[in-house]
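Each chain gets a letter, A, B and so on, in the order its sequence line appears, and its residues count up from 1.
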Amino acid sequence: MTVAVRVIPCLDVDAGRVVKGVNFTDLRDAGDPVEMAKLYDAEGADELTFLDITASSGNRETTYDVVRRTAEQVFIPLTVGGGVRAVDDVDRLLRAGADKVGINTAAVARPELVRECALRFGSQCIVLSVDARRTRAVDSPGGSPGRGTPRFEVTTHGGRTGTGIDAVAWAARAVELGAGEILLNSMDADGTRDGYDLEMIAAVRAVVDVPVIASGGAGQLADFAPAVAAGADAVLAASVFHFGDLRIGAVKDALRAAAVPVR
Amino acid sequence: MTGPRVVVLDYGSGNLRSAQRALARVGADVTVTADLDVARAADALVVPGVGAYAACMAGIDAVGAAPVIHERVAQGRPVLGICVGMQVLYTLGDEHGVRTRGLGVLAGQVRRLAAPVLPHMGWNTVAPPAGTVLFDGLPADTRFYFVHSYAAEPAPGDTVAEHGEPFAAAVERGPLYATQFHPEKSGDAGAHLLTNWLRTLR
């Protein structure tokens with residue numbers, strides 16, 4: 001009896017529509033997040049993540065509606081992230097049918113938000129989403145990382161803005177504040193399809209005792225098991241699933257072949 | 001023909017909608033309410049629960065539902081606890097060192113699991129006893145969705161799961177049923193289990 005490693009497709013949703021290219025032949029409307037969620041569910045996804053990338057606040061209502069409609073049709077857990085700024089945003093998403101809510105930029109700006117949300121809703125539904133990139137720094141004044149040790153920096157605004165915050169330390173702090181899970185996204189690997197950033201996963205795994213979701217870089221079937229070996233409890237991917245390059249079932253077969261427990 | 005009248009107790013805990021949808025999907029006539037008369041009269045009462053033990057007990061007390069749950073159990077009328085809604089059925093909860101009195105319908109304490117990674121989050125297998133009602137017809141390797149850090153020690157006859165250590169994943173005591181996992185989030189396996197449960201109400 002071992003908990004299965006979760007395979008999680010991530011949908012980027014803008015104004016109620018899935019963005020980024022999608023290429024499902026057996027889907028009438030590939031841009032409808034509800035339809036895609038149903039398909040992924042049918043294919044054996046263990047959980048779904050919606051990332052709301054809606055820029056204008058006016059479209060937030062549409063997001064709640066999408067979450068509501070998805071939760072009515074899909075009977076697996078749904079995590080929603082993106083644009084969560086306050087405790088009330090979490091409340092509204094949970095009421096709309098989200099099981100977990102991802103917090104990113106707002107928590108970087110004000111870490112206490114993590115504690116407030118965890119106290120109100122329980123750690124189990126608060127996911128700290130970390131967009132991290134490698135830095136070129138070999139040594140920093142004060143000398144925390146040793147020579148040649150890779151360091152990872154928290155970024156915001158889709159990786160465009162560096163914060164100078166050590167991603168590993170930030171993950172540990174967020175868990176202390178009450179985060180129940182870490183969604184660890186490598187901004188360097190994201191979109192490259194060159195594989196997950198295994199060192200980053202291992203570094204975060206070493207300092208937190210909550211589940212870690214590996215994100216960013218999945219390109220082929222062989223990429224998933226190493227992420228698990230590095231310490232990930234779940235593997236998330238977006239484009240490889242949307243484009244139909246990889247199917248959920250094939251990813252699970254590959255994991256199973258590598259002796260990783262899957263559902 | 002309408003299905004059994006099932007009330008999902010609304011005491012401020014989240015995720016009521018999921019439970020409502022999943023039960024309606026398998027044919028129950030579901031009402032989400034804090035109305036105690038309706039909860040008393042229903043064919044079955046579902047006690048959901050998400051979040052902290054103490055908060056859930058406080059919520060149950062706030063709507064005054066504890067006597068209704070006790071009454072139903074004493075009268076042998078169906079109750080189903082889910083996740084923290086299962087945990088509050090025990091005598092005591094010990095969460096973050098905060099000891100909270102539970103409903104005491106089930107003997108035992110709810111304690112933090114000894115596991116390297118918590119919450120226990122994801123799909124796990126379970127080991128039901130012979131003669132199980134809830135898991136009837138489900139293959140042995142069926143997985144259910146768990147998300148919790150605390151659990152009760154299994155008593156003889158309980159369905160056991162393991163995360164760091166064995167714990168009570170489900171109990172079946174006549175008309176009293178409870179699951180530590182979320183059948184409403186466990187896809188087709190969860191629907192099968194809920195169908196099995198509904199069958200006991202007919």
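Of the possible polar contacts, one joining the K252(A) side chain to the G44(A) backbone as a donor-acceptor pair under 3.5 Å is found. Listed for the E47(A) side chain is no donor-acceptor partner under 3.5 Å among the backbone atoms of L78(A). Judged by distance alone, the side chain of R72(B) and the main-chain N or O of A42(B) form a donor-acceptor pair under 3.5 Å. Of the possible donor and acceptor atoms, none in the side chain of T132(B) sits under 3.5 Å from a partner among the backbone N and O of P128(B). Of the possible donor and acceptor atoms, none in the side chain of D10(B) sits under 3.5 Å from a partner among the backbone N and O of T33(B). Judged by distance alone, the side chain of Q124(A) and the main-chain N or O of V147(B) form no donor-acceptor pair under 3.5 Å. Within the 3.5 Å criterion, the main-chain N or O of V67(A) finds no donor-acceptor partner in the side chain of R69(A). Using a distance-only test at 3.5 Å, with no hydrogens or angles considered, no donor-acceptor pair links the side chain of D94(B) to the main chain of R99(B). Between the N196(B) side chain and the D136(B) main chain, a donor and an acceptor come within less than 3.5 Å of each other.
For R205(A), the part sitting under 4.5 Å from any heavy atom of chain B is the side chain, from C-beta outward, and nothing else. Residue A115(B): no heavy atom, backbone or side chain, is found under 4.5 Å from chain A. With a 4.5 angstrom heavy-atom cutoff, P116(B) touches chain A only via backbone atoms. Looking at R263(A), the atoms closer than 4.5 Å to chain B (heavy atoms on both sides) sit in the backbone and in the side chain alike. Heavy atoms closer than 4.5 Å to chain B are found nowhere in Q73(A), neither backbone nor side chain. Within the 4.5 angstrom heavy-atom criterion, no atom of V212(A) approaches chain B.
Atom CG of L134(B) and atom OG1 of T200(B) lie 8.0 Å apart (nearest 0.5 Å).
Side-chain contact check for D131(A) and N185(A): at least one donor-acceptor pair (N or O, by modelled atom type) lies under 3.5 Å.
Most heavy-atom pairs under 4.5 Å with chain A, from the set T125(B), V84(B), V117(B), V160(B): that is V117(B). Ranked by heavy-atom pairs under 4.5 Å with chain B, the first of D99(A), L119(A), D41(A) is D99(A). Most heavy-atom pairs under 4.5 Å with chain B: of the set G180(A), A4(A), G122(A), this distinction falls to A4(A).
By the 6.0 Å and 45° rule, R25(B) stacks over the aromatic ring of F75(A).
Residues of residues 87-94 of chain A lying under 4.5 angstrom from chain B, judged on non-hydrogen atoms, do not exist here. Applying a 4.5 Å heavy-atom cutoff, the residues of residues 171-185 of chain B that approach chain A are E184(B), K185(B).
Take Y53(B) and apply the ring-ring contact (aromatic ring centres under 6.0 Å, His included) test, not counting sequence neighbours, and it matches no residue.
Residue pairs meeting the ring pair (Phe, Tyr, Trp, His ring centres under 6.0 Å) criterion with at least one member in residues 102-129 of chain B, sequence neighbours excluded, are H120(B)-F146(B), H120(B)-H148(B), H120(B)-H163(B), H120(B)-F167(B), W123(B)-Y145(B).
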